[in-house]
S.K.: 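Just passing along the structure, written as structure tokens.
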Amino acid sequence: MGHGGNVIQELTTDHREVEEIFGRIEALPPGSKDRKDLADQATIELVRHSVAEEAYLYPAVREHVSGGDALADKELADHAKAERIMKDLEGMQADDPRFDTTMAQLMSEIRSHLTDEENNLFPRLEAACPPDALMDLGDKVRRAKKTAPTRPHPSAPDTPPANKLLAPGTGLVDRMRDALSGRGKQS
């Protein structure tokens with residue numbers, strides 16, 4: 001899918017990509033090894049997306065949107081819940097009796113979060129933030145995703161400045177682990 005444009009276009013493209021992966025998971029039979037491979041792909045995309053949002057989107061919401069602190073805090077709480085679910089999922093194989101239930105829980109949590117962002121947060125940010133600032137945020141989000149972690153780290157900081165300082169190093173370690181293990185490679 002095409003990436004680019006302002007922050008809302010970039011993040012909405014990410015949402016569609018994750019939903020496409022979820023659809024592929026749902027189309028496979030329970031216990032299929034491909035379900036685990038796709039769950040890993042979804043986790044990689046979700047973690048990168050979340051790290052970029054936490055570094056740039058939510059600070060912009062706090063700055064530009066009326067009531068932005070409460071809105072950003074709610075989104076961060078959603079991220080924390082999803083990250084704990086992804087951490088649980090990380091330790092499971094597709095034939096684990098808990099895998100399907102945990103995957104369904106993650107998909108439900110993420111779908112609810114995406115709907116809330118697209119129907120509530122994004123329109124409010126777009127109305128409050130100048131177009132050039134939205135474009136700049138899109139560039140920052142794209143750059144952040146390139147160095148972001150690819151695995152869930154529930155105890156990592158989720159607000160600036162600590163998250164911006166630690167994410168690139170953690171991301172490097174995660175990408176090295178992924179390369180060595182083959183995690184996230186499409187089958």
S.K.: To the nearest 0.5 Å, how far apart are CD in Glu75 and NE2 in His79?
M.R.: 6.5 Å
S.K.: Rounded to the nearest 0.5 Å, what separation is found between the CG atom of Leu137 and the CG atom of Leu11?
M.R.: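 CG of Leu11 is found 9.0 Å from CG of Leu137.
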S.K.: Just verifying a value: how many Å separate Gln105 CD and Met86 CE, rounded to the nearest 0.5 Å?
M.R.: 11.5 Å
S.K.: Is it true that Asp139 and Arg143 make a salt bridge, defined as a side-chain N closer than 4.0 Å to a carboxylate O?
M.R.: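 Salt bridge between Asp139 and Arg143, a charged N being under 4.0 Å from a carboxylate O: no.
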S.K.: Would you say His49 and Glu53 are linked by a side-chain donor-acceptor pair, where the criterion is simply a distance under 3.5 Å?
M.R.: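 Present: a donor and an acceptor within the cut-off.
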S.K.: Decide, yes or no, whether a salt bridge links Asp69 with Lys74 under the criterion of side-chain N to carboxylate O below 4.0 Å.
M.R.: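 Lys74 and Asp69: not salt-bridged.
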S.K.: Of all the heavy-atom pairs spanning Gln9 and Gly4, show the shortest one and how long it is.
M.R.: CB-O, 3.8 Å
S.K.: Under a 4.0 Å N-O cut-off, is there an ion pair linking Arg124 with Glu117?
M.R.: no
S.K.: So, does Lys36 use its side chain to make a donor-acceptor pair with the main chain of Met92 at under 3.5 Å?
M.R.: yes
S.K.: Which atom pair, heavy atoms only, marks the closest approach of Ala144 to Tyr56?
M.R.: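 Nearest heavy atoms, Ala144 then Tyr56: CB-CE1, 3.8 Å.
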S.K.: Using every non-hydrogen atom in the two residues, find where Pro149 and Val51 come nearest and quote the distance to one decimal.
M.R.: CD-CG2, 3.9 Å
S.K.: With a 3.5 Å distance limit and no angle check, can you tell me whether Ser32 reaches the backbone of Leu28 through a side-chain donor-acceptor pair?
M.R.: no
S.K.: So, do Gln93 and Lys33 sit near enough that their side-chain heavy atoms are less than 4.5 Å apart?
M.R.: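 Gln93 does not reach Lys33 side chain to side chain.
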S.K.: Using the side-chain contact (heavy atoms from CB on, under 4.5 Å) definition, which of the options Ile8, Val7, Leu134 pairs with Phe122?
M.R.: Ile8
S.K.: List the steps and the verdict of side chain to side chain contact (heavy atoms under 4.5 Å, CB included) for Lys81 and His113.
M.R.: CA-CA 11 Å; Lys81 184 175 181 183; His113 177 75; over 6 Å; no
S.K.: Are Ile85 and Leu38 linked, directly or through other ILVMFWY residues, by side chains that come within less than 4.5 angstrom of each other?
M.R.: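 Shared cluster, yes.
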S.K.: Treat each ILVMFWY residue as a node, draw an edge where side-chain heavy atoms are under 4.5 Å apart, and state whether Ile25 and Val47 are in one component.
M.R.: yes
S.K.: Looking at Glu19 and Arg111, is any side-chain nitrogen of the basic one under 4.0 Å from a carboxylate oxygen of the acidic one?
M.R.: yes
S.K.: When you look at Arg151 and Thr43, which way does the side chain to side chain contact (heavy atoms under 4.5 Å, CB included) test go after all the steps?
M.R.: CA-CA 7 Å; Arg151 295 170 182 259; Thr43 296; 5.9 Å; no
S.K.: Does this structure show an ion pair linking Arg48 with Asp14, if we count only N-O contacts that are shorter than 4.0 Å?
M.R.: no
S.K.: Do you know which two heavy atoms are closest between Leu114 and His15, and how far apart they sit?
M.R.: CD2-CD2, 3.1 Å
S.K.: Hey, what do you get for CG (Asp96) to CG (Asp88), rounding to the nearest 0.5 Å?
M.R.: 10.5 Å
S.K.: Looking at every heavy atom in both Ile21 and Ala42, which two are closest together, and how far apart are they?
M.R.: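 What the structure gives for the nearest pair is CG2-CB, 3.8 Å.
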S.K.: Is it the case that one hydrophobic cluster holds both Leu76 and Val141, taking links as side-chain heavy atoms less than 4.5 Å apart, direct or via other members?
M.R.: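 Cluster IDs for Leu76 and Val141 match.
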S.K.: Quick check: do Arg24 and Arg35 have side-chain heavy atoms less than 4.5 Å from each other?
M.R.: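 Arg24 vs Arg35: side chains apart.
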S.K.: I'd like to know if the side chain of Arg62 and the backbone of Gly67 have a donor-acceptor N/O pair within less than 3.5 Å.
M.R.: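 Not at all, since once roles are kept as given, no pair shorter than 3.5 Å links the two residues.
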S.K.: Taking a hydrophobic cluster as the set of Ile, Leu, Val, Met, Phe, Trp and Tyr residues connected by side-chain heavy atoms closer than 4.5 Å, whether directly or through intermediates, do Val65 and Leu57 fall within one such cluster?
M.R.: yes
S.K.: As an exercise, state the distance from CD1 of Ile110 to CD of Glu45, rounded to the nearest 0.5 Å.
M.R.: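 Those atoms lie 12.5 Å apart.
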S.K.: I want to check something: taking the side chain as every heavy atom from C-beta on, are Asn6 and Pro131 in contact at a cut-off of under 4.5 Å?
M.R.: no
S.K.: List the steps and the verdict of side chain to side chain contact (heavy atoms under 4.5 Å, CB included) for Leu121 and Val61.
M.R.: CA-CA 8 Å; Leu121 186 144; Val61 168; 3.9 Å; yes
S.K.: When hydrophobic residues are tied together by side-chain contacts of less than 4.5 Å, even through go-betweens, does Ile44 share a cluster with Leu89?
M.R.: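 In one cluster with Ile44: Leu89, no.
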S.K.: Quick one: are Thr12 and Glu118 in side-chain contact, heavy atoms under 4.5 Å?
M.R.: yes
